[in-house]
Asker: 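The structure follows.
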Amino acid sequence: MQLDNLISLKDDMVAFIAGHGLRRFSGYINDDVPAVIFEEDDADSWKDFVEHAKAAGSPFVTMSEVVLEKADLVALLDHLREQTYPDGDSPEIDEVQSLVQYVGKVGYLQLGFPHQGVMFLYETATDWYDQFQQFMESMADLGGIIVDDGDNDE
């Protein structure tokens, strides 16, 4: 598995889900939905998660991905520059600029299945995606920017 791009993991998940006779539903489960987060034991724990979905009788598994978009980084950099003006040499700006190498890469995957009114979720993310999210959350706390994550899941 590539540690900076989860695309091959996503491809493996799609094949594994289909191989277990489950349908895949493109959708993100947000924090407003009652959910239980599946805790990983190892890198292949997502396979156990899919097997749990099948054993629970779920006819489908939800799947969501986040690809880092250049527009997201530009908006974040613009906001950072506004916050640090006139000191344009902020270390945060350098850190965000270093994320440009990940544009177009999958940084986050979420699988889910419903069972008895609760969503069971499996989530995995790259280190760079976690760093990007921390910047986004800190910007939201400071007056916020809104990023349209317009999922284009297949």
Side-chain angles (χ1 to χ4, degrees), residues 1-20 22-53 58 60-84 90-114 118-154:
M1 173 172 57
Q2 297 172 316
L3 297 178
D4 67 345
N5 191 357
L6 300 178
I7 189 68
S8 62
L9 177 60
K10 178 191 173 201
D11 292 343
D12 290 347
M13 288 175 168
V14 168
F16 195 79
I17 290 166
H20 276 71
L22 297 170
R23 299 195 44 91
R24 195 170 39 93
F25 178 84
S26 294
Y28 175 76
I29 309 305
N30 64 30
D31 294 335
D32 297 334
V33 176
V36 174
I37 305 295
F38 185 79
E39 295 182 5
E40 288 187 70
D41 293 328
D42 58 53
D44 285 336
S45 289
W46 64 269
K47 292 178 182 177
D48 296 335
F49 181 83
V50 172
E51 290 169 350
H52 287 311
S58 181
F60 65 90
V61 172
T62 63
M63 183 175 218
S64 179
E65 69 176 344
V66 176
V67 176
L68 185 62
E69 301 291 337
K70 185 176 181 179
D72 296 341
L73 279 181
V74 169
L76 182 56
L77 281 167
D78 288 347
H79 192 74
L80 270 175
R81 287 185 180 117
E82 288 175 15
Q83 296 295 320
T84 61
S90 165
E92 291 87 6
I93 290 176
D94 292 338
E95 290 178 45
V96 172
Q97 286 176 329
S98 74
L99 295 175
V100 75
Q101 65 184 319
Y102 303 111
V103 168
K105 295 185 178 185
V106 176
Y108 172 82
L109 292 169
Q110 180 193 73
L111 297 177
F113 70 90
V118 176
M119 285 300 296
F120 290 81
L121 301 176
Y122 172 87
E123 298 174 314
T124 190
T126 61
D127 290 339
W128 65 260
Y129 180 79
D130 289 338
Q131 181 182 18
F132 174 75
Q133 278 302 110
Q134 288 173 349
F135 280 118
M136 294 301 292
E137 289 168 8
S138 67
M139 289 299 104
D141 292 344
L142 292 174
I145 58 176
I146 299 174
V147 175
D148 176 21
D149 67 354
D151 281 341
N152 292 335
D153 292 346
E154 298 165 25

Asker: So which heavy atom on Ser64 is nearest to which on Tyr28, and how close?
Answerer: OG-CB, 3.6 Å

Asker: Run the side-chain contact (heavy atoms from CB on, under 4.5 Å) test against Phe25 and tell me which residues pass, sequence neighbours left out.
Answerer: Phe60, Thr62

Asker: Which of these, Val66, Leu99, Leu68, sits in a side-chain contact (heavy atoms from CB on, under 4.5 Å) with Tyr129?
Answerer: Val66

Asker: Please report the shortest heavy-atom distance between Ser58 and Pro114, naming the atom on each side.
Answerer: OG-CD, 3.7 Å

Asker: Restricting to side chain to side chain donor-acceptor pair (under 3.5 Å), what partner residues turn up for Trp128, sequence neighbours left out?
Answerer: Thr126

Asker: I want to check something: taking the side chain as every heavy atom from C-beta on, are Phe113 and Leu22 in contact at a cut-off of under 4.5 Å?
Answerer: no

Asker: Please name the pair of heavy atoms, one in Tyr108 and one in Ala125, separated by the smallest distance, quoted to 0.1 Å.
Answerer: CD1-CB, 4.1 Å

Asker: Looking at Leu77 and Ile93, what are the two nearest heavy atoms and their distance?
Answerer: CD2-O, 3.8 Å

Asker: Quick check for you: to the nearest 0.5 Å, what is the distance between Gln134 atom CD and Glu92 atom CD?
Answerer: 12.0 Å

Asker: Of all the heavy-atom pairs spanning Ile17 and Arg23, show the shortest one and how long it is.
Answerer: CG2-O, 4.2 Å

Asker: Taking only residues two or more places apart in sequence or in another chain, which ones pass ring-ring contact (aromatic ring centres under 6.0 Å, His included) with Phe38?
Answerer: Phe49, His52

Asker: State which residues pass side chain to side chain donor-acceptor pair (under 3.5 Å) with Glu51; sequence neighbours excluded, sorted by chain then number.
Answerer: none

Asker: Just to verify, what does Phe135 make a ring-ring contact (aromatic ring centres under 6.0 Å, His included) with, not counting sequence neighbours?
Answerer: none

Asker: Can you list everything that forms a side-chain contact (heavy atoms from CB on, under 4.5 Å) with Asp32? Sequence neighbours excluded, please.
Answerer: Asn30

Asker: Does Ile29 offer a backbone N or O that forms a donor-acceptor pair with the side chain of Gln110 under 3.5 Å?
Answerer: yes

Asker: Are Arg24 and Met13 close enough that some pair of their side-chain heavy atoms sits under 4.5 Å apart?
Answerer: no

Asker: Applying side-chain contact (heavy atoms from CB on, under 4.5 Å), can you list everything that pairs with Val106, at least two apart in sequence or on another chain?
Answerer: Asn5, Leu6, Ile7, Glu65, Val67, Leu109

Asker: For Asp78, give me all partners under side-chain contact (heavy atoms from CB on, under 4.5 Å), at least two apart in sequence or on another chain.
Answerer: Val74, Arg81

Asker: With sequence neighbours excluded, tell me which residues meet side chain to side chain donor-acceptor pair (under 3.5 Å) with Tyr102.
Answerer: none

Asker: Quick one: does Asp127's side chain get under 4.5 Å of Leu3's, heavy atoms only?
Answerer: no

Asker: Can you name the residues that form a side chain to side chain donor-acceptor pair (under 3.5 Å) with Glu40, not counting sequence neighbours?
Answerer: Tyr122

Asker: If you look only at pairs with a residue in residues 96-112, which of them pass as a salt bridge (charged side-chain N to carboxylate O under 4.0 Å, His left out), with sequence neighbours excluded?
Answerer: Asp4-Lys105

Asker: So which atom in Lys70 and which in Val103 form the shortest heavy-atom distance, rounded to 0.1 Å?
Answerer: N-CG1, 3.8 Å

Asker: For residues 11-20, which residue pairs qualify under side chain to side chain donor-acceptor pair (under 3.5 Å), counting only residues two or more places apart or in two chains?
Answerer: none

